[in-house]
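The structure under discussion appears below in the form of structure tokens.
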Protein chains: 2
Amino acid sequence: MPDSIDPALPERFPGRTRKRAGTDLLAADVHARLRTRILTFEIQPGSRLVEDEISASLGVGRTPVREALLRLQGEGLVSRRKGWVVESTDADCIDRVFESRVAIEGYATRLATLRASSADICDLMALVEEMDGFDTMSRAALNQLNRAFHERIVTLSGNPFFVEMHERTQFHYWNMRLPVLFTREQAVMTNEQHRLILGALSSGDPDDAERHARAHVATTHRIVRDALDG
Amino acid sequence: MPDSIDPALPERFPGRTRKRAGTDLLAADVHARLRTRILTFEIQPGSRLVEDEISASLGVGRTPVREALLRLQGEGLVSRRKGWVVESTDADCIDRVFESRVAIEGYATRLATLRASSADICDLMALVEEMDGFDTMSRAALNQLNRAFHERIVTLSGNPFFVEMHERTQFHYWNMRLPVLFTREQAVMTNEQHRLILGALSSGDPDDAERHARAHVATTHRIVRDALDG
DNA sequence: TGTTTGTTCCTTGCGTGCAGCGCACGGGAC
DNA sequence: GTCCCGTGCGCTGCACGCAAGGAACAAACA
């Protein structure tokens, strides 16, 4: 997989600037780059990551590369099995991921009901309405909006733990290549459910909000599973 | 929990053995040691950790120490603010931790209801009955049993994500020195609630199980908050 | 006296050399 | 032909040195 390590960014880090702005910038940068490449499948699951190659290709030493890999390991994106290997999310894992999402997003939505301001709800409504234009949008754009909606609700829970846990599940979620997501009817259903959640949110009914959120995640689970089986 | 963490940690690392058994042993060991010391408050929240000092005191190089600290950072036990600092869990954080526990343990208990075998339930029942002897036990032993009960249920969810998330909350949970936990009446109430959960588990009622689990965590939350306020 | 600047030390960020696992490959024996 | 063992190499685990950044303290100037 060395070839896939972004041929397009030959020397950033110009002449070994070594700019060290307080906290480790290099490691953070390497981490971000690697993570992006992994999540976009530019580096495929299962491929080996060699410290020297990354370090050479990015023009940094092995130490920041090492730290980046360590962080990726903590995020569950790579593992150390006789060298660094990009983790893959198998079908069996999907059920586990969605179970987590039900628990996390369900309760986060409950909390959001108690804490969201009317301005927050307006923002969410704007997102939902934007998603109504699914007929004229790319699936990627739709996906982005969808993600934004869920992310924002979780953030509105006001609890950073939920944000972190949610983010963690997203890694694995992205990690399975979702074949065809967001057919037209799926988009319709998604928007319907988003409106249900939003309705509960704005009427301040936590039970309803949690119930709808759970149902929505369950629906998505079903869609994903069907897509993978079919 | 702190009491149970093996306070007897004499100087291992005899004369710089350097035995490298495949995967990094040193880093893992340093990590475990540091974590133990932090969770037992041998190293107090807020204190600075200096890489050189740790490395010298353990007789290893800075690299494994660094990796250990990085892992601790990932676990939320230390942070990097101009050097390594042991995180403290402030009162404000407690509410967030318990919110997570409600979501995680609640849903984990629901899953456990669907997946636990009768043998598993017997094991749990044995734990509960052992806890009935609270009058003749130390608080530490009681705490240990309590932890075992919760841990086992989360494990019975069959979902490693829940186990990991639960463990994560426990770190912060331990991180606040709980003053007087498990007074007699609290022990009575705890056992009552454990039995309710177990009852729902054995009768296979997921809704009830989740409800009771949530209520139990909420009760504990109240106890802890009272203990900290009073 | 207050503010600003210079200096020094402390600690981490980073690079790098070295050595030891393990795996793959190849050669010999049965 | 198959199995076993030796050997080489790829890669990581670890130690260590260097320098940058920042904080604290001191000194000088307004």
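First the proteins, then the strands, lettered A, B, ... as listed; each starts at 1.
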**Fill in**
Taken to the nearest whole Å, CG/B:Leu49 to C1'/C:dC10 is 16 Å
**Between C1' of D:dG13 and CH2 of A:Trp84, the distance in whole Å** = 11 Å
**Item:** Donor + acceptor pair across side chains of A:Glu210, A:Thr109 (<3.5 Å)
**Value:** no
**Item:** Rounded distance in Å - CZ (B:Arg81) to C1' (D:dG22)
**Value:** 16 Å
**Complete:** Comparing A:Leu69 with B:Thr63, nearest DNA chain D nucleotide closer to 5' gives the residue A:Leu69
**Asked** Rounded to the Å, how far apart are A:Leu26 CG and D:dA20 P?
**Response** 14 Å
**Request:** Go through D:dA15, C:dT16, C:dT12 for me and flag the one nearest to the B:Asp52 side chain.
**Result:** C:dT12
**Asked** Parallel, tilted or perpendicular: which describes the rings of A:Tyr107 and A:Phe162, with under 30° parallel and over 60° perpendicular?
**Response** parallel
**Prompt:** Mind checking whether A:His150 and A:His194 have parallel, tilted or perpendicular rings, split at 30° and 60°?
**Reply:** perpendicular
**Asked** When the distance from CD of B:Glu53 to P of C:dT11 is rounded to whole Å, what number comes out?
**Response** 6 Å
**Proximity to the side chain of A:Arg48 - top-ranked nucleotide from C:dC14, D:dA15, D:dC11** = D:dC11
**Prompt:** Can you check the A:Glu51 CD to C:dT16 P distance for me, whole Å?
**Reply:** 14 Å
**Asked** Choosing from C:dT11, D:dT12, D:dG22, which nucleotide comes nearest the side chain of B:Lys82?
**Response** D:dG22
**Prompt:** If you pin A:Arg62 and A:Ala27 to their nearest nucleotides in DNA chain C, which one's is more 5'?
**Reply:** A:Ala27
**Message:** Does either side chain, that of B:Asp120 or that of B:Ser117, offer a donor lying less than 3.5 Å from an acceptor on the other one?
**Reply:** yes
**Separation of atom CZ in B:Arg80 from atom P in C:dC14, rounded to whole Å** = 9 Å
**Asked** Whole-Å distance between D:dC11 P and A:Ile54 CD1?
**Response** 11 Å
